[in-house]
Amino acid sequence: MRPVNFGIDLGTTNSLIGRFDNGSVTVYQNPIGHKETLASVVAFRSDRILVGDKAREYMLKDAVNVFGGFKRRMGTDEKYYVVNLDENVTPVQLSAYVLQELQRFVHGGEKPEAAVITIPASFDTMQSNATHTAGREAGLKEVFLLQEPIAASLAYFNQAPGEDHEGCWIVYDLGGGTFDVALVQIKEGEMKVVDHEGNNFLGGLDFDLMIVEQLIVPEIVRQTGIADFETELSTAYGPYEKLYYELLYKAEEAKKELSSYEATEIEFSTTIGDRRYDFNVTIDRAAFNQLLEKRVEETLSMLRQVLERNQLAAADIRQLILVGGSTFIPYVQERLELGTGIPVNKSVDPTTAVAVGAAYYAANKYYTPSVSPVEEHADIGSLLDNIVAAPEQPEEPEVQLVLSYSKMSKEPEEVLLVKVNGNVFNYSYRIVRADGGFDTGFMALKAKFTEFLPLLPGVANVFRLTLYDGQNRELPALGQELTITHGQYSIAGQPLPKDICIEVDDRENHTTKLELVFEKNSILPLKKTLYREISKTIKKGSDDKVIINIQEGDRYARPLSNLTIGCIEIQGKDLKSDLIKGSDIEIQLLLSDNRELSTEVYLVMTGQEFKNVFALSEKCISVARLREQFNDLEAEIRKTVKGFNYEENEIWAIQANSLLDGLLSHKASLHKLKDKERSDKKYVIAEAIGRISQEYDKIGGNERLQQLQAEYLHARDYAEQQLPACDFEQDRLKARFAQLVQNESQVLRTRNPSILQKAIGQLNDLIWEILTNTTSYLIVYFHRLKAAGPDAFTNYGAAQSIVRMADKALEQERFFEFRQHVYNLSHLLHNAQSMAGTTDFKGTGIG
Amino acid sequence: MDALIAVMNQVFEISRKLEEEHLSSRFERNFNKLNNIFEEEGFICNNPLGEKYTDARTDCTASIAGAEGRDMVITQVIKPVIYQKKDGALSLVQKGIVIVERKK
């Protein structure tokens, strides 16, 4: 035996399903649209069956084929004639459709075999039996029924366990379209519905309509002077039908807002006669409350009738439990409290209370599963009994589906052709798109059929085709999944051979870096807009410039090593006004099928647009940027040579030195180049520098990269270990550490040693900062400084005086002050760290 | 997420009002940038105005104005369709609220 666990609120307007698991209840959401509720409506369209919200859309316009509110007819011999099917359906069959659809909400592969289904307190035996049958028809092996007021009470009682619940309770259920009030009694542990009252045509939908008719229409009449506007507005197929639906939707939104705010506004525009009107109707809570007064009073009077019939006073009622979405309205809650004098309980979610209570009840109900797990010590006899008792599984039909479709498409929809081999009679299928935006509903299976599948642009669209038998039971083995990628030609487009990047400033390291725009192997054509900030102020008329440098090559390489395929320089002279640092720049890049690059640069501050088209055969070089890159490379090689010499790595040092010589041989001619040089010289020099840069990156090969990777990891680990010991500014330093290691995987994958070197440098700086914010380290460091002789300091006298102050601070354990003295002392050292070389960096001007 | 969706709905409404006043071209860049920001946050907004409407479209909640038929199009969008991108796959987070009519 297994606990049932599933609880279903089969409502007149909406239905829900919940599951008890490990002490709490989960109310499942519709995989399509992510709502917890499912509209209790079934539509028999000409070629498919729809259940839920989609079906409700057709209620007014296709009334002969769409059915809602059938719960009220359960247990009667009433049948609904479906024009499209030319046959009758019963309320039981319609309820079964809703119950089947609810089972689809359950994710994780589990299929409910048994469930508790709730019924109104007013249901007689025939109606209850009909609900039971609907559950069985929906594929449930066992069905347990529970009255809705009891379910709602259970939801509340399970929130307040341990409390004594003996006595009388009122369950007040005001939903979307119906109202019920029930008196629930708990006596000696037994719970029962003693009495009830209700109105099948009173609920939230009526309130929406009242807002339209009594608050919005008078305003339209006042402004337009059309006295019979209300009649015109509500005329079916009339001139204002669109406006009517818009207002109904907005009225519902306003109603929800008024539950939280004192006033709300409804804005809309429409053309009446030949004139266009803009309306802005303010509705305050007082006006809304006045609207509701009469209807809420009706519910109160029914509640009083129940009390009177049972000779009960308000004081005899423990609490009033609220159920149904309309009980969210503050006025309803206030009137109940004041009008009855009974305390109102708002602790359970009124929209899910019935389903939640049903699931709690289901946790204590048991059924025999169709395939029960083999229990330990089970005897053969009982196992055989189980096999005999096991309900039949849907038979897998001997059919085979052959699907043809294009896996890639540029069209907004793609056709799917399905050929079915075998007997298709009585089977149906359904196709759902994984994101929830498309659902065919149940379609009769044919030997051959087509379906137009709408595609979301630029993504892989996943569809699931499911087959069902005559009782609408899923046939899992025959389901199929298909993926159609939109945005790509079905013939393989031309892939991009290398990354396309843009050079942007890396102000922290006083250099530039590459940022990926289009990834290698992306299919052409490609388009992207980058939104960046200007990283330096450029005065109107000056020689300063913004350089947009588009490169082809490896995104992890240094800009110099890659091929520039498009370069735009926007000078101060081109500007209409000053371009302030921090203002926005928009760069749109388009790479056509034949790899022609178009750029469109827009400077938001000046409102200027610069358009360029580059063919890849044409090289573009910025002399200013080339000079800066040359200087960067020179400085970097010199530093590396020094490092190699220090590590006594002679071979690498010789290689680096020879590259440095080669680089320096171009220095003079580069400096002679004019900014608008027309000769070929700039290309010759750029190519030579680029080649040296590539060769420099290759020095030491993998061995050097591995060494640097190890060095990086060592520095990272050390920083991480030291951080917890840090006494000052720990949060800031932790954030800095997180920022530095954020792109670690990219840093470790680079083939460019300088990127690794820079990352190591940044980590080392951080380690130094951590140590100088750690008191224990500062003490050791201070004693080292204190022991240094006069030659170590630029001003020994001042140093001695700081040492004395530091000693005193340390003695009195004023560590913050002590830290400041140590800092000051370190600045007097001869070899204090220089910050030179940081101000003359120009870069691209793009941050 | 709810706050961002509320902002997206407001942006949509502003752009719709500007379109009605024939002013939208002046703000095209701003709207492109806003949409870009939303996309970077993983949200994609789609205005289905003018698109074909069928009963298999579960990305919209529709009210049908006039008679219903097979040739329905979306003629008014009150709220746009919003998708969220998670782990490379899209999922519907807001159904569009639309009014549909037969093609004229």
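Hydrogens, waters and symmetry mates play no part in the numbers below; they use all other heavy atoms, side chains included. Convention: sequence-line order gives letters A, B, ...; per-chain numbering from 1.
The parts of Glu246(A) that come within reach of chain B are both its backbone and its side chain, each placing non-hydrogen atoms under 4.5 angstrom from that chain. Heavy-atom distances place no part of Gln588(A) under 4.5 Å from chain B, backbone and side chain included. For Arg48(A), the part lying under 4.5 angstrom from a heavy atom of chain B is the side chain only. Only the side chain of Glu20(B) comes within contact range of chain A, with heavy atoms under 4.5 Å apart. Contact annotation for Glu51(B): neither backbone nor side-chain heavy atoms come within less than 4.5 Å of a heavy atom of chain A. For a residue to count as touching a neighbouring chain, one of its non-hydrogen atoms must lie under 4.5 Å from one of that chain's; by this rule Glu451(A) does not touch chain B.
Residues from residues 6-19 of chain B that place a non-hydrogen atom less than 4.5 Å from a non-hydrogen atom of chain A comprise Glu13(B), Arg16(B), Lys17(B), given in numerical order. Contacts between residues 31-45 of chain B and chain A, defined by a heavy-atom separation under 4.5 Å, are made by Asn32(B), Lys33(B), Asn36(B).
Note on Tyr244(A), Phe452(A), Tyr602(A): by heavy-atom pairs under 4.5 Å with chain B, the leading option is Tyr602(A). Of the listed residues (Thr75(B), Thr61(B), Ile64(B), Asn46(B)), the one with the most heavy-atom contacts under 4.5 Å to chain A is Ile64(B). Residue with the most contacts toward chain A among Val81(B), Ile78(B), Val100(B): Ile78(B) (heavy-atom pairs, distance under 4.5 Å). Of the listed residues (Tyr249(A), Tyr245(A), Phe268(A), Tyr531(A)), the one with the most heavy-atom contacts under 4.5 Å to chain B is Tyr531(A). Contacts with chain B were tallied for Thr529(A), Asn461(A), Asp584(A), Leu456(A); Leu456(A) has the most, counting heavy-atom pairs under 4.5 Å.
Listed for the Glu241(A) side chain is a donor-acceptor partner under 3.5 Å among the backbone atoms of Gly66(B). With hydrogens and angles ignored, the 3.5 Å screen pairs a side-chain donor or acceptor of Thr58(B) with a backbone N or O of Gly436(A).
In terms of heavy-atom proximity, Ala62(B) sits nearest to Glu57(A) at N-OE2, 2.7 Å. Tyr58(A) and Thr54(B) get closest at one heavy-atom pair: OH-C, 4.2 Å.
To the nearest 0.5 Å, the span separating CZ on Arg57(B) from CG on Asp439(A) amounts to 13.5 Å. With values rounded to the nearest 0.5 angstrom, Leu243(A) atom CG is found 8.0 Å from Gln76(B) atom CD. To the nearest 0.5 Å, atoms CZ (Arg433(A)) and CG (Leu90(B)) are separated by 8.5 Å.
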Trace of the side-chain hydrogen bond (donor to acceptor under 3.5 Å, both in side chains) decision for Ser46(A) with Arg70(B): CA-CA 10 Å; Ser46(A) 56; Arg70(B) 285 190 164 271; 3.0 Å; yes
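Remark: Arg276(A) does not engage Glu21(B) in a salt bridge, criterion side-chain N to carboxylate O under 4.0 Å. Between Asp55(B) and Lys54(A) there is no salt bridge, since none of the side-chain N atoms of the basic residue sits less than 4.0 Å from a carboxylate O of the acidic one.
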